[in-house]
Number of protein chains: 2
Amino acid sequence: MNILEKITNELDMLSKSERKVAEVILASPGTVIHSSIAALAKQANISEPTVNRFCRRLDTKGYPDFKLHLAQSLANGTPYVNRHVDENDTADEYTSKIFESTMASLELARKSLDANDINRSVDLLTQANKISFFGLGASAIVAHDAQNKFFRFNVPVVYFDDILMQRMSAINSRQGDVVVVISHTGRTKSLVEVASLAKENDATVIGITTTGTPLAKECNIVLSVDVSEDTDLYMPMSSRIAQLALIDVLATGFTLRRGSKFRDNLKKVKDSLRSSRFERKD
Amino acid sequence: MNILEKITNELDMLSKSERKVAEVILASPGTVIHSSIAALAKQANISEPTVNRFCRRLDTKGYPDFKLHLAQSLANGTPYVNRHVDENDTADEYTSKIFESTMASLELARKSLDANDINRSVDLLTQANKISFFGLGASAIVAHDAQNKFFRFNVPVVYFDDILMQRMSAINSRQGDVVVVISHTGRTKSLVEVASLAKENDATVIGITTTGTPLAKECNIVLSVDVSEDTDLYMPMSSRIAQLALIDVLATGFTLRRGSKFRDNLKKVKDSLRSSRFERKD
DNA sequence: CAGAAATAATGAAATTTTATTTCATAATTT
DNA sequence: AAATTATGAAATAAAATTTCATTATTTCTG
C-alpha cells in the first residue's frame, strides 16, 4: 500500500508527538525525502528517536527505509485513478481525466479477468464451426469490432446489432457454434433471451459482461469485465474500451493457438489493403 | 528521466570501476535500494568512494540521494510499456501484455493530443448544423461509436462506413456542417478524397489521424492520435482504442459546453432504456 | 476524588552505522 | 617520461539508532 495512505489511516493510532511528525510529512512529502532525520525532527519540534519510532510503527526498518517508501509513493503520484470530470475543467483537464480514467478501468478489468476462462474461450473459438457476436448499443460496437478481427482468421463469423436478426440467428445455431454475447450491464432483456435461446439450441455461449448479472447466469463461460460504472455522463465509456481490449486478447489467443504459419496469412490480409493506400515516403 | 535509463545511456562515459557498479545496479536494482554503500561496493568489487563518485556522475547528491532516485524509478516498475506477445505466452501473460500495451498507447496518445485543437473541435461540434463521422475498417467502429454518443445530444448526426455513402454525403455537405474523418494510417485513398470533397463543399473537416499523413493535410483541424504501430499481429489494436478515448473526450467537451441543464437530458435518454432491462435487486 | 503505582511517551546522550573527504598510489594516456 | 586520470585506504564527518533516565499519562486503590 501507498505509504502516504498508510500514514493517513494510522493517524489516530499514533502518539501526540508522532502525529506531529505525520502532519509535517503529509504537508510536504516532497521536502521530507531530502531531509535528514535531524531536520525532520526539528521541523516537527520533536526528537530524533521519535521520528525513528514513527518510522517503525509504519512497518519500515527505520528512517532511511521510510524515505525509500515515501519516494516510491511520490513517484508517478498514484498512477491512474478515476477522477471525475468537473463542470469548470479546461480541455486539458478533462482530456487528462478521461484518459486516466480509461487506463484505470483497463487496470481494473484486467484484474477481474480469469486466465482460465480466457484459455477455455480461446479453445472453443478455435474449434468453432461458426462464431457469432451479439451486442446492442455501445456493445454493438464491440461486436462489430470483433467481427472485423475474426473474419481475418478465415472462419465463418457474423455480427448482429439488431434484436430480430440476433434471435433468428440464435435459433438457427447448433452444436459446435459459439455465440459471444456482449453487454456491460448484463441486464438487457432481449440479449439475455438471445443467450438462452442459443444455449437451448446447443451452441456454446460466451458472455462478455459483469459478474453475477442475469446474462452471466445464462452463459457457459463468463468473461467478467468488471469496471467502475460509467456514471459521469450517462454514456458508456470505459466499459466498451475494456471489452475491446478483451476482444484483442481473444483474437491474439486465437492466432497464437493457430501457430506461426497462420500468422503469415494475417499479413497477407493486411497487405491486400496496400493498393488502396497512399505510399509512405519513409 | 528515469535513473535506470540514465545509467544505461551513460554507460560508456563511465570508468571501468564505475561501470562495474552500474552493472551490479542494473542487474538487480531492487536489491540495491536496500543495500548500504559498503555492501554495494563489495558486491561490485570496488571501493566505497567509487560508488560515491558514480552517484555524483549521475547528478545525484550522493549515495542516499541516488537510492531515492532509484526507488522512484522502481515504483510501478516503468508503468506501462509495449511488450510484445510471444509465441509461448500463457493466457495470463498475453492478457497482461495486451492490457499493458493498450494502456501504454493511451498514455502516448494523450501526450500527442493538443488541448487547443480539442477546444476548437468542441467549439465547432457544438455549433454544427450536422455532424458526420466517417471511417473504414477498424476506424468504422470508432465512427459508429461516435454516432452512438452524439445522437444523444439531439443534433443531426450520421455515420457511414461505406465509401459511396461517404462520398455522396460529403458532396452534399455545406457551410456549418462538420465532417469527422477517422483513419489511423491517414493514407486510405478514398477517405482522403472524401475529406477533400467535404472541404471543397465548405464543410469543416476534423481529422482523427496520425500527424503528417496525407489525410492530416486535407483537414481543417487535426486531432493527432499518435500511437505506436500495431505491428504485433497485423490487426488494428491500440489505435482504435485511443481513437475511442478521444471520442469520449469530444463528447464530454460537448456536454460540458452545453451546461448542466443539457446533462439532465442525457439522463432521460439513459432512463428510457429502463423498461428493456431486468431490475437490479440491490 | 485525591494520590499512589503502573504504564507509556519522550528526548539527551552515547553508540553504531553509514557516507564522504582527503590524500597517496596505481593505472592510463599523452 | 610526464601528465593526467582513476582508484582505494584511512580519516573524518554525518546520519541514524540505541540506551536509558525523565516526564507525561493512565489506571488503580483507599
Side-chain angles (χ1 to χ4, degrees), chain A residues 3 6-74, chain B residues 3 6-74:
Chain A
I3 194 104
K6 195 166 183 175
I7 296 174
T8 317
N9 286 164
E10 308 219 340
L11 214 54
D12 16 277
M13 283 133 184
L14 299 175
S15 73
K16 213 184 333 172
S17 308
E18 283 169 357
R19 199 164 317 144
K20 280 191 208 168
V21 186
E23 276 155 15
V24 171
I25 294 167
L26 291 173
S28 70
T31 319
V32 174
I33 60 171
H34 296 115
S35 311
S36 69
I37 192 168
L40 177 57
K42 198 171 168 193
Q43 179 112 40
N45 265 305
I46 44 82
S47 71
E48 300 177 29
T50 301
V51 175
N52 196 269
R53 280 187 289 260
F54 166 84
C55 296
R56 298 229 170 109
R57 202 177 296 273
L58 290 154
D59 301 315
T60 64
K61 286 175 68 186
Y63 185 66
D65 188 43
F66 169 79
K67 284 212 291 188
L68 243 42
H69 281 267
L70 193 57
Q72 295 201 318
S73 299
L74 255 44
Chain B
I3 194 103
K6 195 165 182 176
I7 296 174
T8 317
N9 286 164
E10 307 219 339
L11 215 55
D12 14 279
M13 283 133 185
L14 298 175
S15 74
K16 213 183 335 172
S17 307
E18 283 169 357
R19 199 164 317 141
K20 280 193 210 167
V21 186
E23 276 154 16
V24 171
I25 293 167
L26 290 173
S28 71
T31 320
V32 173
I33 60 170
H34 296 115
S35 310
S36 67
I37 192 168
L40 177 56
K42 197 171 170 191
Q43 179 113 39
N45 265 304
I46 44 83
S47 71
E48 299 176 29
T50 301
V51 176
N52 196 270
R53 281 187 288 262
F54 166 84
C55 296
R56 299 227 171 112
R57 204 176 295 275
L58 291 154
D59 301 316
T60 63
K61 285 175 70 185
Y63 184 65
D65 188 41
F66 170 78
K67 284 212 291 188
L68 242 43
H69 282 267
L70 194 57
Q72 293 200 320
S73 299
L74 256 46

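In what follows, every heavy atom counts, from backbone to side chain, and hydrogens, waters and symmetry copies are set aside. This one's a predicted model, so the numbers in the text were calculated from it and none came from an experiment.
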Reading DNA chain C in the 5' to 3' direction, which nucleotide is the first one with an atom under 4.0 Å from a heavy atom of chain A, and which is the last?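 Terminal contacting nucleotides, 5' to 3': C:dA9 to C:dA12.
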
Would you please test A:Leu68 and B:Leu70 for side chain to side chain contact (heavy atoms under 4.5 Å, CB included) and show each step? CA-CA 9 Å; A:Leu68 243 42; B:Leu70 194 57; over 6 Å; no

List in numerical order all residues of residues 45-59 of chain A for which some heavy atom is under 4.0 Å away from an atom belonging to DNA chain C.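 Heavy-atom cutoff 4.0 Å gives A:Ile46, A:Ser47, A:Pro49, A:Thr50, A:Arg53.
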
Which of residues 17-41 of chain A have a heavy atom under 4.0 Å from DNA chain D?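 Hits under 4.0 Å, by residue number: A:Ser36, A:Ile37.
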
Any salt bridge linking B:Glu18 with B:Arg57? Criterion: basic side-chain nitrogen under 4.0 Å from a carboxylate oxygen.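 Yes, B:Glu18 and B:Arg57 are salt-bridged.
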
Got a sec, which residues hit side chain to side chain contact (heavy atoms under 4.5 Å, CB included) with A:Gln43, two or more places apart in sequence or on another chain?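 Only A:Val24 meet the side chain to side chain contact (heavy atoms under 4.5 Å, CB included) criterion with A:Gln43.
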
Starting from the C-alpha separation in whole Å, work towards a yes-or-no answer on side chain to side chain contact (heavy atoms under 4.5 Å, CB included) for B:Phe54 and B:Tyr63. CA-CA 9 Å; B:Phe54 166 84; B:Tyr63 184 65; over 6 Å; no

Just how far, in rounded Å, is P of D:dA16 from OH of B:Tyr63?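 These atoms are roughly 14 Å apart.
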
Interatomic distance where NZ belongs to A:Lys16 and P belongs to D:dA24 [whole Å]: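 Those two atoms, NZ and P, are 9 Å apart.
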
Test side chain to side chain donor-acceptor pair (under 3.5 Å) applied to B:Asp59 - qualifying residues, sequence neighbours left out: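 In terms of side chain to side chain donor-acceptor pair (under 3.5 Å), with neighbours along the sequence ignored, B:Asp59 is linked to B:Lys6.
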
Estimated bend of the helix from C:dC1-D:dG30 to C:dT30-D:dA1 (axis per five terminal pairs, rounded to 10 degrees):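 Inter-axis angle at the termini of the helix from C:dC1-D:dG30 to C:dT30-D:dA1: 20°.
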
Mark yes or no for whether A:Gln72, through its side chain, and B:Ala71, through its backbone, hold a donor-acceptor pair below 3.5 Å.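 It does hold such a pair.
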
